[in-house]
K.L.:
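For reference, the structure I am asking about is given below.
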There are 2 protein chains.
Amino acid sequence: MTTGLRERKKLRTRRALGAAALELAVTHGLAEMTVEQIADAADVSPRTFFNYFSSKEEAVVAADVERARDSAERLAERPLDEPVLDSVRAVMHEMVGDAPRSREWIAQVRLVKSEPSLVPQQLAAYAAAEAHLTAVIAERTGLGAQDLYPAVTAAAVMSAMRVATTRWLESDEHGDLVGVVDRVIDLLAVGLQSPPSRAP
Amino acid sequence: MTTGLRERKKLRTRRALGAAALELAVTHGLAEMTVEQIADAADVSPRTFFNYFSSKEEAVVAADVERARDSAERLAERPLDEPVLDSVRAVMHEMVGDAPRSREWIAQVRLVKSEPSLVPQQLAAYAAAEAHLTAVIAERTGLGAQDLYPAVTAAAVMSAMRVATTRWLESDEHGDLVGVVDRVIDLLAVGLQSPPSRAP
DNA sequence: GCCGATCTTGCAGTGTCTGCAGTTTTGCGC
DNA sequence: GCGCAAAACTGCAGACACTGCAAGATCGGC
């Protein structure tokens with residue numbers, strides 16, 4: 001599958017728009033930046049911007065959607081005999097451990113924290129991740145589309161990741177994010193029936 | 001705390017706007033309805049609409065935010081010696097069992113399914129529910145704000161509820177929603193380490 | 001009944017977002 | 001290379017969402 005020039009160019013434009021939107025939102029503020037500025041920075045017309053995204057907010061969190069797809073792909077590549085949650089944990093560690101990517105991600109989460117109107121779009125991005133995860137988990141476990149386990153697991157994992165990053169950010173980002181991620185996944189693994197007795 | 005006339009009137013206006021928005025979105029479609037129509041239906045000026053909600057979409061899912069607060073309050077009223085997840089399960093059963101309320105809820109979820117641009121706002125409403133749940137669970141378990149269990153549990157439960165309703169809707173709404181809710185909460189309770197061996 | 005606080009409203013203005021129609025670019029067969 | 005159909009980009013016009021501001025209406029306490 002050689003992706004044609006056409007598609008590659010579209011992807012480049014899409015990324016340029018997303019990056020410009022994120023950049024401008026961080027520097028100038030979400031409300032202040034205009035679609036015209038984003039379009040200019042990506043060298044397209046304002047009208048073209050709307051061929052790619054239906055709003056400024058969507059463009060800002062575009063990178064998240066890509067990361068979501070990427071996580072799912074990494075998950076699909078884990079050894080098949082590995083327990084699902086172990087695979088998930090490994091992938092999440094990879095995502096957090098990948099320094100440049102992680103830095104972008106954190107920047108985005110921090111922006112969302114300071115611009116509440118981005119919250120809905122950010123959550124929608126997580127939902128996209130969830131859909132991908134669901135499909136991969138279903139395949140790995142050999143379960144069908146009607147089974148609840150893959151969907152519930154994917155949803156719970158993404159929620160837990162969200163809690164982990166939020167908490168980490170609220171604690172002024174000290175301590176390691178990896179540790180927090182580990183603990184939230186542990187909670188899901190052992191079950192939420194009752195709170196763990198020791199240092200949850 | 002006798003809520004003054006002022007506050008009661010505000011609440012009535014807010015509800016009227018929310019109800020009108022939902023009604024119009026269902027009958028005319030989200031894109032077709034205008035703020036002016038919503039405002040007219042609630043007998044206020046269009047400008048006033050924006051004193052209550054920052055967008056049409058937010059108004060449409062306003063009832064969800066109320067339901068969220070209500071769930072948290074019901075949870076707080078459960079016997080203190082009841083295991084947390086049992087309380088959660090009971091509350092979710094109450095919410096689903098409350099016929100008129102459940103009907104509104106389902107109508108809204110169905111609307112969101114047919115109008116994808118509502119998804120982000122719907123998720124934001126769930127996030128609001130999550131925040132309330134987190135606070136109540138923390139109090140019930142005697143855990144502090146730094147503990148992960150309350151936040152992870154609240155997030156997982158809301159995600160699971162979302163999965164349950166989505167699945168139920170996709171299966172053309174046959175079978176009972178209560179049963180699906182039970183099964184997703186069971187999954188969270190026993191842990192997601194590996195798929196259940198029998199009929200997940 | 002008066003006064004401060006709060007809520008509502010109209011107005012003007014900026015910017016988002018959409019449909020449409022014309023131009024440019026790309027992929028592909030020749 | 002050449003031409004042609006599909007797809008992408010662009011400008012334009014217009015409807016509408018949304019905001020700040022200042023004036024008017026309403027409420028709660030004294």
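In what follows, chains carry the letters A, B, and so on, assigned in the order in which the sequence lines appear, proteins first and then strands, with residues in each chain numbered from 1.
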K.L.:
Please list, in numerical order, the residues of residues 29-46 of chain A that have a heavy atom closer than 4.0 Å to any atom of DNA chain D.
P.N.:
A:V44, A:S45
K.L.:
According to side chain to side chain donor-acceptor pair (under 3.5 Å), who are the partners of A:E115, at least two apart in sequence or on a separate chain?
P.N.:
none
K.L.:
For B:A59 and B:A21, work out which heavy atoms get closest and say how close.
P.N.:
CB-CB, 3.8 Å
K.L.:
For DNA chain C, what residues of residues 51-62 of chain B have any heavy atom nearer than 4.0 Å?
P.N.:
B:N51, B:Y52
K.L.:
Work out which heavy atom in B:F53 is nearest to a heavy atom in B:L17; give both atom names and the distance.
P.N.:
CE1-CB, 3.8 Å
K.L.:
Considering only heavy atoms, which members of residues 17-26 of chain B lie under 4.0 Å from some atom of DNA chain C?
P.N.:
none
K.L.:
Who passes side chain to side chain contact (heavy atoms under 4.5 Å, CB included) against A:E36, sequence neighbours left out?
P.N.:
A:T34, A:D40, A:P46
K.L.:
Over the length of the helix from C:dG1-D:dC30 to C:dC30-D:dG1, how much do the five-pair end axes diverge, rounded to 10 degrees?
P.N.:
30°
K.L.:
Please tabulate the protein-to-nucleotide N/O contacts below 3.5 Å involving nucleotides 20-26 of chain C, giving atom names and distances.
P.N.:
from: C:dT26; atom 1: OP1; to: A:K9; atom 2: NZ; distance (Å): 3.0
from: C:dT26; atom 1: O2; to: A:R6; atom 2: NH1; distance (Å): 3.3

K.L.:
State, to 0.1 Å, how close B:S71 and B:V91 come at their nearest heavy-atom pair, and which atoms those are.
P.N.:
O-CG1, 3.7 Å
K.L.:
Listed by chain and number, what are the side chain to side chain donor-acceptor pair (under 3.5 Å) partners of B:R162, not counting sequence neighbours?
P.N.:
A:E130
K.L.:
Please report the distance, rounded to the nearest Å, between CZ in A:F49 and C1' in C:dT16.
P.N.:
10 Å
K.L.:
Can you tell me the distance, in whole Å, between the CZ atom of A:F50 and the P atom of D:dG11?
P.N.:
14 Å
K.L.:
In plain terms, say whether A:D64 and A:R67 are close enough for a salt bridge, that is, a side-chain N and a carboxylate O under 4.0 Å apart.
P.N.:
yes
K.L.:
In this structure, would B:V88 and B:W105 fall into the same cluster of hydrophobic residues linked by side-chain contacts under 4.5 Å?
P.N.:
yes
K.L.:
How would you list, by chain and number, every residue that makes a side chain to side chain donor-acceptor pair (under 3.5 Å) with A:E94, sequence neighbours excluded?
P.N.:
A:R74
K.L.:
Output all residues satisfying side chain to side chain contact (heavy atoms under 4.5 Å, CB included) with B:V112, sequence neighbours left out; order by chain, then residue number.
P.N.:
B:L118, B:V119, B:Q122
K.L.:
Apply the test side chain to side chain contact (heavy atoms under 4.5 Å, CB included) to residues A:Q121 and A:V60: give CA-CA distance (whole Å), side-chain angles for both, the deciding distance (0.1 Å), then the verdict.
P.N.:
CA-CA 9 Å; A:Q121 291 293 335; A:V60 172; over 6 Å; no
K.L.:
Could you point out which residue of A:D182, A:L177, A:I185 forms a side-chain contact (heavy atoms from CB on, under 4.5 Å) with A:H93?
P.N.:
A:D182
K.L.:
Can you see which heavy atom on B:P120 is nearest to which on B:S117, and at what distance?
P.N.:
CD-O, 3.6 Å
K.L.:
Going by side chain to side chain contact (heavy atoms under 4.5 Å, CB included), name the residues that satisfy it together with A:P79, two or more places apart in sequence or in a different chain.
P.N.:
A:D81, A:E82
K.L.:
By side chain to side chain donor-acceptor pair (under 3.5 Å), which residues pair with B:T48, not counting sequence neighbours?
P.N.:
B:S45
K.L.:
Which nucleotide in the set D:dA8, C:dC7, D:dT10 lies at the smallest distance from any side-chain heavy atom of B:K10?
P.N.:
C:dC7
